[in-house]
Amino acid sequence: ACEYKGMESFEARQKILFEILGSFSGKSVLDIGCGPGLLSAPLAKNNKIVGADISTSMLELARVHHDPVLARGEALPFKKESFDAVLAVEVLQHVADPGRFLAEMARVSKPRGRIILMMIHSRSWLQRLLRAIGFSPSMYHWHSPDQMVSFLSRHGWKVSECRFLMLPFHFVLRSSGPRHPLDFLAAAWT
């Protein structure tokens, strides 16, 4: 998942990330579910970046800019209050225990640290399309911003900002025969 042919979508996510962080320098950053590390790579110029992922092949790619750590978001191998910023970009829907995941993000974040959680809205057009064609595997857990703000508030989090971003999501037609309900559609960045 590291080609990012849909650059508008990638750049929009990255722009929002940097807007929220502002002038961020000399800090420690944890990117949970970092993949190849491309989204947070520019932060490595002036900060220490740790990339956590469950894929060793993705961590090998992230090694260029990140200190790679094989870890699940629900059980992070870091001390309490280790990071100035904790990022999780489109990871929450893949997590079996969102409560534990969010608790771990809070645990490893320094007091007054920044926690940035980006997710696909449960009522987005993409989610509606996936449900309409019968694709809603149990491994994905979709949430609305209202659900997340309510959940976070109940667990003592203060949500300082909630933004909505319409991302161009490009699809390409695959020529091979369908092996999966979505094989005929593939996101251009996969």
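What you are looking at is a predicted structure, and each value in this text was computed from that prediction instead of being measured.
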Please examine the side chains of [Y] and [X], heavy atoms only from C-beta on, and report whether any two atoms are closer than 4.5 Å.
X      : Y      : value
Leu117 : Leu102 : yes
Leu92  : Pro98  : yes
Leu17  : Leu87  : yes
Leu30  : Leu76  : yes
Lys48  : Asp67  : yes
His65  : Ile49  : no

State whether the side chain of [X] and the backbone N or O of [Y] hold a donor-acceptor pair below 3.5 Å, judged by distance alone.
X     : Y      : value
Asn47 : Gly26  : yes
Ser82 : Ser109 : no
Asp53 : Leu59  : no
Ser40 : Leu43  : no

Modelled atom types, side-chain donor and acceptor of Asn46 and Ser25, under 3.5 Å: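 No, because no side-chain N or O of Asn46 sits under 3.5 Å from a partner of the opposite role on Ser25.
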Minimal non-hydrogen separation, Ala71 against Pro77, with atom names: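 Closest pair (atom of Ala71, atom of Pro77, distance): CB-CD, 3.5 Å.
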Minimum heavy-atom distance between His66 and Gly37, given as atom pair plus value: CE1-O, 3.1 Å
Pair [X] + [Y], salt bridge at N-O below 4.0 Å:
X      : Y      : result
Arg107 : Glu81  : no
Arg114 : Asp84  : no
Glu104 : Arg100 : yes

same_hphob_cluster(Ile54, Leu61) at 4.5 Å side-chain heavy-atom cutoff: no
Single-linkage hydrophobic cluster, 4.5 Å side-chain cutoff, Val64 and Leu39 together: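 Shared cluster, no.
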Which distance, rounded to the nearest 0.5 Å, do you find between the [atom1] of [X] and the [atom2] of [Y]?
X      : Y      : atom1 : atom2 : answer
Leu38  : Asp31  : CG    : CG    : 10.0 Å
Ile116 : Glu19  : CD1   : CD    : 11.0 Å
Ile16  : Met118 : CD1   : CE    : 6.5 Å

Qualifying residues under ring pair (Phe, Tyr, Trp, His ring centres under 6.0 Å), relative to Phe83, sequence neighbours excluded: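 By the ring pair (Phe, Tyr, Trp, His ring centres under 6.0 Å) rule, Phe83 matches Phe78.
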Audit row: Lys80, Val108, side-chain contact (heavy atoms from CB on, under 4.5 Å) steps and yes/no: CA-CA 5 Å; Lys80 182 178 178 181; Val108 300; over 6 Å; no
